[in-house]
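Everything below concerns the one structure shown next.
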Amino acid sequence: MSKLYSSILTKISKQKKQFAVLIDPDKFQSDSLLDLAEKCKVDLLLIGGSIITNGNFEECISTIRKKTKIPLIIFPGNNLQISSSADGILLLSLISGRNPDMLIGKHVISAPLLKSSGLEIIPTGYMLIESGTQTAALYMSGTSPIPSHKDDIAMCTAMAGEMLGLKLIYMDAGSGAKNCISGSMIKKVRKSINIPLIVGGGINTVEKVHNACSAGADIIVVGNALEKNELLLKKIAETIHSF
Ligand code: 1GP
């Protein structure tokens, strides 16, 4: 039933770091990215976006599903992004914000559809961290991020998320963020919780990948940088898997 989550936990128990490639359905065109991801043993594919303009979400998911065996998890920008062609979905509660719609409102609306979808549902505490610019995620969610230097607020937010029963914490600086999340914040959050920690947003060099891994991230998400340069995937995968 909870195959995806169990596999994440198993890899963590073996002290393995995991690499998740984020696919924006608006920009996805290339099979070569999927071939490369298979070859480099990418652990997870995330799919979703703060906004999707071309209406091909379902088609994009079923195309990817047919072309690769890598687990495909929806990282939904809103409650329209649900498809039973994926393997699972991060059911995001935006715990860094104070917008009730993003904490519970959209979930109520989506509950019957999610229940019948057959997707593995992974309740996730989603935390947006300030990153130097207004990101799409912030604008679309109508929330304020946790200030980038307030490690204690991030720590307490993640702790509260775990106590509420959420199964993952995802700290995100936002897609294409100017500044990624600091090592000190990742470290502080990692030490304060016992559930897996995902980190993403603005990670566009091997050095940043290494820093996030050293600080304690269990799963590193990269999207934007691979849209610009697919070949970076190999180097990032090597860095994460050799950690
Ligand atoms: C965004 O964490 C993801 O929500 C990934 O960010 O696209 O900047 O890699 P990037």
Side-chain angles (χ1 to χ4, degrees), residues 8 17-30 33 36-37 40 42-52 57 60 70 72-78 81 86 89-97 102 122 124-143 145-146 148 154 158 168-183 185-186 189 196-213 215-237 239-240:
I8 290 171
K17 302 283 181 187
Q18 296 164 63
F19 182 16
V21 169
L22 174 63
I23 296 174
D24 179 341
D26 269 352
K27 296 181 190 147
F28 177 72
Q29 299 164 329
S30 93
L33 181 77
L36 204 55
C40 298
V42 163
D43 300 272
L44 301 166
L45 294 175
L46 298 185
I47 183 156
S50 298
I51 194 158
I52 297 178
F57 186 66
C60 184
I70 303 171
L72 182 57
I73 303 182
I74 300 170
F75 170 44
N78 57 53
Q81 296 172 25
I89 185 165
L90 300 181
L91 184 59
L92 304 174
S93 188
L94 183 44
I95 57 176
S96 57
M102 296 294 167
I122 309 177
T124 301
Y126 188 48
M127 294 167 49
L128 288 170
I129 313 298
E130 192 267 322
S131 64
T133 42
Q134 169 78 309
T135 60
L138 280 178
Y139 181 76
M140 294 304 292
S141 65
T143 64
I146 293 176
S148 55
L168 288 177
I169 294 294
Y170 187 157
M171 288 210 290
D172 198 351
S175 196
K178 200 164 124 200
N179 306 313
C180 51
I181 299 170
S182 72
M185 184 179 277
I186 297 172
V189 168
L197 177 61
I198 308 183
V199 174
I203 300 180
N204 52 12
T205 63
V206 165
E207 195 193 1
K208 289 178 187 172
V209 168
H210 193 271
N211 289 345
C213 287
D218 299 304
I219 302 175
I220 310 292
V221 183
V222 182
N224 219 266
L226 302 175
E227 284 162 16
K228 294 186 182 134
N229 175 14
E230 239 171 66
L231 299 177
L232 198 57
L233 191 146
K234 188 167 181 279
K235 283 188 190 154
I236 292 178
T239 309
I240 293 175

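Along the sequence shown, the residues carry numbers beginning at 1. These numbers come from the heavy atoms of this one structure, side chains and all, not from hydrogens, waters or symmetry mates. Counting starts at 1 for both ligands and their atoms, in listed order.
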Does the Thr124 side chain pair with the main chain of Ile122, one donor and one acceptor, at a distance under 3.5 Å? yes
Using only atom types and a distance under 3.5 Å, with no angle test, would you say the side chain of Lys17 pairs donor to acceptor with the backbone of Asp218? no
Tell me whether ligand 1 is touched by Ala225 - counting only heavy atoms on the residue side and a distance under 4.0 Å. no
Quick one: sort the Tyr170 and Phe75 rings into parallel, tilted or perpendicular, breaks at 30° and 60°. parallel
Close-contact set for ligand 1 against [X] heavy atoms, below 4.0 Å:
X      : answer
Gly201 : 2 (O), 3 (C), 5 (C), 6 (O), 8 (O)
Asn224 : 7 (O), 8 (O), 9 (O), 10 (P)
Gly200 : 2 (O)
Val222 : 9 (O)
Gly176 : 7 (O), 8 (O), 10 (P)

How close do [X] and [Y] get, counting heavy atoms only, and between which atoms?
X      : Y      : result
Leu197 : Met171 : CD1-CG, 4.0 Å
Ile51  : Met140 : CD1-CE, 4.0 Å
Ala217 : Val199 : CB-CG2, 3.6 Å

Considering distance alone, does some N or O of [X] sit under 3.5 Å from an N or O of ligand 1?
X      : answer
Ile203 : no
Phe75  : no
Leu22  : no

Among all protein heavy atoms, pick the one closest to atom 3 (C) of ligand 1 and tell me residue, atom and distance. Tyr170 OH, 3.4 Å
Atom 9 (O) of ligand 1: nearest protein contact (heavy atom, Å): Gly223 N, 2.8 Å
Nearest option to atom 4 (O) of ligand 1, as decided by whichever heavy atom of Asp172, Leu46, Ile23 sits closest: Asp172
